[in-house]
Each structure stands twice: as structure tokens, then as C-alpha cells.
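First comes the structure, then the notes that go with it.
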Amino acid sequence: MRSITFLCLLFLFSCSDSELVDLKNISHGAELYKNYCSNCHQMDGSGLAQLIPPLYQSDYLTENAGALPCIIKNGLKGKIRVGSNSYTLAMPAVRNLSREDVKDICVYVLQKFPKTPIVIADSVLKNTHKNCP
Amino acid sequence: MKKVYVAMAMLLVLGACSEKKKLPILGNRAAVERLIDGKLQIDTLYATVADFSLTNQDGKTITQETVKGKIYIADFFFASCPTICPIMKKQMIRVFEKYKGDTGILFLSHTIDPEHDTIALLKDYATRLGSDGTQWMFLTGEREQIYELAEKGYYATALPDSLEPGGYVHSGGFILVDGQRRVRGIYNGTDEKEVDQLMLDMDLLKNEQ
């Protein structure tokens, strides 16, 4: 009985702890998004006309969620299709960001803009970043 | 006596009516002496944007003749700019949408990176922003001419800066110019409220002309 109570308590704490961490990371990600991404993609993720692609409800973002750390790290060149529009303007690499920073931006972007939030483990995001081409 | 009061009141009303709010004329001014009908008169000479010759996104030459008698907004940008340009362009689209089709109003966006922003690139850029290139034009030309025009004509800064993301530092101003090529206002093109003010001032200027 005692061990069950202990386990329950542990579970409770671990749960709230990780949620706290999550919230902290998301607000850190939001701050970074504002500084490094929102000039082009805008705070509401709407992009700019047919020049800069939107993130909000973007099918491209959903389909390429796993590659997001590398897109932020290396930038993106070449034509992409988002919804019924194509975009050609190159996205510059975002320099001066740590692996942790990029991970937090990804968490924020993937929570905020897709139709249904996408969850990718922190370790996976960081590992992707480490092994970008 | 009563009649005098009435007359005075009427004059007051008239005076109040005719005193419309006018936009200031920016820049240095000089006094010049002119002989008019054999009499020497002092006239004020206002600063104007100097003559220019640039090329638009369709390869057409654009000069001071193109903007003659028209109100226009000038701004400076470069296509690969990751900092303030997209914010400015988002705001410029708002102004453009409001005055779309108004033949008395033009928009001139000048690239400060003419080596990279070719005519073909500017054409694509214009189209993607929703401009057919007639009312809202994207201009390129000799680097020196653009930089001098920015600084001396429009009181805007534009400088290469290797420390700046994208490689240039430039002001985010929207410059409002009247039909006589006089600068009548400079607005922060990244600030929604200032851009709202710009549109109010454009209406004021339209009434003046």
C-alpha cells in the first residue's frame, strides 16, 4: 500500500515537473520565435503575401516537422509548395542559436501553428539538429 | 451694433473653416529674390527630391517625370533582407490596398542591393506582393545614385554593414512626397500606428492638391 502511494506521488510530481519544464521551454521558444522568425513569418504565422510562406496551418510544416531543426539551422533554398502556392525566396540560416534554442523554437512552432499540434521528443529534435546535413 | 457682432461671428466661422490642417514641408528652405512685374519679391524655395533616372521591374526607365504631379510614397529595401523589410512590406501592402487604382498616387520601392536584386528578381518580388508594377514599382539603378537619393532626397539611411543580418543597415521609413516632389512626412514603416497616420496624411495631402 505504502509503495503504491509513493508511486502515485512520484507520478504526480514527475508529471507536473515535466509540464512546468514544457511551459518554460515554450515561452522561451516563443521569445526566440519573436526575435528570429517573426520578422518574416509574422507573429501570427501568416507569412507575407506570396513571398514568404505561412506557418499557420501549413501542410508543408506538418509534412516536414521532423526536419524543422535543420531548416532553422541551415536555412532553406529552392522552391517549396505550401497549400496551393509555391515560394522561391531563400530562407537564411539562423545563426548564433544553440541546439537547446533551436529545440525550443521547434517545440513552440509545432505547438502553435499546425492544425493539430505536433509533439516530437526533445531528444529527437536535438539529435536531428546535431546530425543535420 | 448687433449687425457688427453678427458680421464678426460670421468672419470668425469663415476664418476657422479656411484654416485647414496642412502637412509640414520637410527639409531646408532658402529665400530667393525674384523680379515679378519689375518688383523684387522674396520667395521661399523648398527642398525637393533631386532629378533621378532609375529602372523599374519591367525594365522601364522611371524619372522625375513619372511622378510629376503625383503623390508618392518611397521606401528602401532589399529582397534578401531578413530583418525589417518583410514587416515594412506587410504594412506597405495595407497602404497599397487602400489606394489601389488611385491614379494620383504611386509607390516607389527602391532596392539598396542592385547587384543582387536584378530586374527579373524585382518583377517576381512585385508579383508575389500582389503588384502588377504600374502603381507600385520596384526600382533599381546605379548603387551610388540610389544611396544618394535615399540620403539627400528622402532623408533615409542605407549603408552596407557586414555585421547586420543580410549585410545592410537601412531605415524603415515610408517617405511621403507631394506632387511638387517635396517631402511632407516620414513614417516608421514597421509601426502599424504610424502607417495608419500616413494614410490619414495622404488623404490630407490629396485634398490639398
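In what follows, chains are A, B, ... by sequence order, proteins preceding strands, each numbered from 1.
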- Smallest separation among heavy atoms of A/N39 and B/P86, with atom names: O-CB, 3.2 Å

- Message: As an exercise: rank B/I93, B/T83, B/T127 by heavy-atom pairs under 4.5 Å with chain A and give me the winner.
- Response: B/T83

- Examine whether an atom of B/I87 lies under 4.5 Å from a heavy atom of chain A, and if so say whether it belongs to the side chain, the backbone or both; otherwise answer neither. both

Flag if over 12 foreign heavy atoms under 6.0 Å of [atom1], [X]:
{"X": "B/D43", "atom1": "CG", "answer": "yes"}
{"X": "A/Y56", "atom1": "OH", "answer": "no"}
{"X": "B/K98", "atom1": "NZ", "answer": "yes"}
{"X": "B/Q64", "atom1": "CD", "answer": "yes"}
{"X": "B/E142", "atom1": "CD", "answer": "no"}

- Message: Working note: A/C40 + B/K90, criterion side chain to side chain contact (heavy atoms under 4.5 Å, CB included); need CA distance, chi angles, decisive distance, verdict.
- Response: CA-CA 9 Å; A/C40 291; B/K90 192 114 185 168; over 6 Å; no

- With a 4.5 angstrom heavy-atom cut-off, could you sort out which part of A/L51 is near chain B: side chain, backbone, both or neither? both

- Task: Examine whether an atom of A/S38 lies under 4.5 Å from a heavy atom of chain B, and if so say whether it belongs to the side chain, the backbone or both; otherwise answer neither.
- Result: neither

- Value for CG (B/L121) from CG (A/L89), rounded to nearest 0.5 Å, stands at 8.0 Å

- Query: Going through the checks in order, is the side chain to side chain contact (heavy atoms under 4.5 Å, CB included) test met by B/L129 and A/L48?
  - Reply: CA-CA 8 Å; B/L129 289 180; A/L48 175 65; 4.0 Å; yes

